[in-house]
Amino acid sequence: MPATHRLAAVRPARARRTGILALPALFALLAVPLALAGCRKAAPQPPPSAGGPFRVALLTPGPISDAGWNAGAYDGLQAIRKELGAEVSHVQVKTPSEFEEQFRAYASKGYSLCFGHGFEFQDAAARVARDYAGTVFITTSGSRTSRNQAPIVFELEQATYLCGLVAGRMSKSAKAGMVGGVEIPSIKSTFLAFEAGLKAGNPGATATAVFTGSFEDVAGAKAAALALVDQGADFLFQNADAAALGVFQAATERGIYAFGANRDQNALSPSVLASAVIDLPRAFVETARLVKEGRFTGQPIRYGLKSKVISFVWNPALLGRVPAPVVDEVKLTEAKIEKGELAVPRGNF
Amino acid sequence: MSGFLEVALLLSAPLLLAAAGELVLERSGSLQIGLEGTMLAGAFTAFAAARAGTGPYAALAASAAVGAGAGLLFALFAVARRADPILVGTVWNLLALGATGFAYRLLAGETGSVLQVRTLPADLLGLPWPVLASFLVPPVLHLLLTRTRPGLRIVAAGEHPEAVRAQGLSVVAIRTGASTLAGVLGALGGGLLVLTISPTFVEGVTAGRGFLALAIVVFARWKPLRLVPASLLLGGVTALQYRLQALGFQAVPYAFFLALPGLLALAALAVSGRGGGAPKALGTPAP
């Protein structure tokens with residue numbers, strides 16, 4: 001950037017010289033607490049839950065005002081406060097270095113339980129979990145486990161499979177579109193299951209995914225949805241969090257159906273036919289109870305349709321437009337999945 | 001209008017407006033890297049006004065008013081008080097993201113509820129007229145900067161501020177005016193986004209478009225007329241990459257298209273030699 005270059009050039013030489021001296025001094029100052037922190041890390045950690053209040057922290061990758069993935073987690077945290085009498089704290093983080101920094105900050109303050117809300121938190125959680133044996137780290141999605149770390153595995157795929165099945169049975173063009181935010185394994189896995197359901201409903205049907213690279217870019221999600229509709233898609237599935245409204249808007253404009261994800265989004269738009277829902281508050285409270293009562297074993301905690309944490313919810317306002325055999329088939333398939341007679345494919349992550 | 005062209009224009013117009021404002025400010029010798037924050041402030045204002053029951057045009061006007069305030073605020077610190085504009089811009093970005101997020105939660109509740117707003121009617125060639133009118137801004141700016149007295153003073157303040165001062169003119173006043181215009185256009189860009197293609201506000205809804213607009217100014221080498229093809233190229237490429245993905249085309253990962261604007265700006269600088277056409281006094285404090 002020529003601009004910054006010029007800026008540096010116009011500063012008086014004296015300022016620049018002090019700058020050169022100040023830089024190593026600054027590093028030296030930073031190094032002292034870092035070195036101390038390094039020493040402290042090696043010391044054994046007292047179990048923080050002993051005696052003191054039960055304290056629970058939540059790290060979300062996005063704003064809790066998204067009425068979706070992050071909002072659900074925050075509701076879960078508040079439910080933990082109310083139902084288990086815990087002291088709670090929340091922070092929004094953006095980069096992997098912040099994930100680790102915040103995990104460390106909470107663990108060193110003696111929090112008993114830290115939630116990292118998403119697949120992307122598991123590496124940072126693993127690094128911090130090694131140093132703080134007295135804190136349990138839960139990531140919502142993922143596979144890494146240790147004595148004090150485990151993921152909650154939401155089998156949302158079981159519900160997105162049902163969305164796909166509905167689209168397969170009802171689509172006239174035999175084409176469905178899927179709009180994703182950032183291309184991460186947990187999002188791709190819900191698409192995989194949607195596609196499998198679609199093909200179960202109509203073996204000749206195809207599904208195409210478009211990723212926008214952002215969970216906030218409503219305009220991008222709408223542009224992506226319109227592109228899919230122009231290619232003939234007459235059903236849209238999405239896993240784009242706050243940006244989902246762009247998808248719903250495109251579906252409404254073009255007179256086609258869309259599906260809600262993560263939260264019950266049926267009321268958001270007249271285009272939402274059904275939602276694949278995670279009851280995040282329930283999962284959070286159940287997990288926190290495990291930890292509080294000392295029953296946490298470091299095993300992944302799985303929730304599927306059977307647990308009722310995951311559900312497929314029709315939009316009551318639109319149910320009249322769904323052929324009765326499709327409604328029945330969904331109910332039947334749901335029962336099969338719950339009984340374990342039908343295994344829904346999911347990504348390996 | 002075909003789906004592709006419509007989306008390309010809808011995505012280009014906010015970029016074009018924001019870049020046009022920034023261009024005027026940079027030609028006057030200052031620069032606001034907090035353009036993303038200005039767009040976000042404009043987007044939130046349009047959303048809040050529309051939620052409060054004003055019509056979409058009044059909501060757009062409210063964005064412009066807040067943008068003027070943002071431009072004056074920037075000028076107060078970075079021009080009049082001669083603080084480092086890079087620092088002021090960075091702080092402004094952070095402040096705008098935090099403040100709009102906070103205000104949004106007051107409106108929508110802590111965990112949000114999706115609130116739609118009434119968008120501008122599509123009344124001209126299938127698009128809202130302000131979208132098409134945006135493309136007239138660069139020619140107007142071109143005439144302003146080459147043919148009018150205030151425009152020539154802006155350019156002089158960005159090239160030879162000492163000479164401007166020697167003439168008894170205030171570089172601070174000229175740059176403050178340019179900053180106000182930049183604020184208005186940047187906020188209009190954000191407002192237009194919310195009142196057309198993204199009919200709601202979410203925290204960070206501008207999704208990096210302010211930074212994209214900064215790259216467009218460099219790519220256009222600080223020439224107003226070049227903003228039109230530059231922003232159409234970036235808006236068009238964005239719309240096109242969604243189309244390519246929708247066609248199932250996977251040979252190029254989508255992340256490449258996300259990085260494209262930065263690459264284009266770098267390429268423009270690389271081929272245009274020293275300075276790339278930047279105003280000579282860009283980023284220097286007013287004499």
Side-chain angles (χ1 to χ4, degrees), chain A residues 1-11 62-68 70-75 78 92 177 179 183 206 208-233 241-246 248-250 254 265 267-269, chain B residues 2-4 6-8 10-11 14 26 31 33 84-86 101 104-105 108-114 116 193-194 196-209 218 238-248 253-255 257-258 269 274-276 278 280-285:
Chain A
M1 284 255 280
T4 47
H5 184 78
R6 265 156 220 280
L7 274 176
V10 297
R11 283 206 190 97
I64 56 165
S65 64
D66 63 355
N70 297 304
Y74 189 73
D75 286 341
Q78 295 307 320
Q92 181 185 330
V179 178
E183 190 177 4
T206 53
T208 314
V210 177
F211 289 94
T212 64
S214 158
F215 289 113
E216 286 91 37
D217 189 357
V218 186
K222 184 172 175 187
L226 288 175
L228 285 162
V229 179
D230 286 343
Q231 294 308 319
D241 202 25
L245 193 77
F248 298 153
Q249 185 82 16
R254 301 296 177 95
Q265 298 179 310
L268 294 187
S269 154
Chain B
S2 88
F4 168 71
E6 183 190 332
V7 170
L10 284 170
L11 291 176
E26 294 193 11
L31 86 165
I33 63 157
D84 184 339
I86 302 293
Y104 176 69
R105 286 179 201 187
E110 210 166 21
T111 49
S113 43
V114 180
Q116 267 175 260
L193 191 70
V194 162
T196 57
I197 190 165
S198 154
T200 188
F201 182 86
V202 304
E203 290 177 42
V205 70
T206 45
R209 287 183 172 78
V218 178
T238 311
L240 183 67
Q241 66 103 347
Y242 295 140
R243 301 267 138 177
L244 289 176
Q245 286 193 57
L247 281 167
Y254 81 100
F257 294 102
L258 296 179
L269 280 181
R274 226 180 119 71
K280 286 201 187 67
L282 182 62
T284 59

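Since we're looking at a predicted model, the values are computed, not measured.
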Heavy-atom pair of closest approach, residues [X] and [Y]:
X: G3(B); Y: R254(A); answer: CA-NH2, 4.4 Å
X: Y242(B); Y: F211(A); answer: CE2-O, 4.2 Å
X: K222(A); Y: I197(B); answer: CD-O, 3.1 Å
X: A219(A); Y: L11(B); answer: CB-CD2, 4.3 Å
X: A223(A); Y: V7(B); answer: CB-CG1, 3.5 Å

Heavy-atom pairs under 4.5 Å with chain B: which of [options] has the most?
options: Q265(A), Q78(A), E216(A); value: E216(A)
options: I64(A), T208(A), T206(A); value: I64(A)
options: A71(A), A227(A), S65(A), A242(A); value: S65(A)

Could you tell me which portion of V202(B) (side chain, backbone, both or neither) has an atom closer than 4.5 angstrom to a non-hydrogen atom of chain A? side chain
Identify which part of A246(B) has an atom lying under 4.5 Å from any heavy atom of chain A, answering side chain, backbone, both or neither. both
Apply side chain to side chain donor-acceptor pair (under 3.5 Å) to Q116(B) and list each qualifying residue two or more places apart in sequence or on a separate chain. Q249(A)
Under 4.5 Å, counting heavy-atom pairs only, tell me which of T196(B), L193(B), L247(B) racks up the most with chain A. L247(B)
Heavy-atom side-chain proximity of L226(A) to R243(B) below 4.5 angstrom: yes
How long is the straight-line distance from CD of E110(B) back to CG of D75(A), given to the nearest 0.5 Å? 9.0 Å
Taking atom CG of L245(A) and atom CZ of F201(B), what is their separation to the nearest 0.5 Å? 13.5 Å
Please state whether the side chain, the backbone, both or neither of [X] comes within less than 4.5 Å of a heavy atom of chain B.
X: T212(A); answer: both
X: E183(A); answer: both
X: A225(A); answer: neither

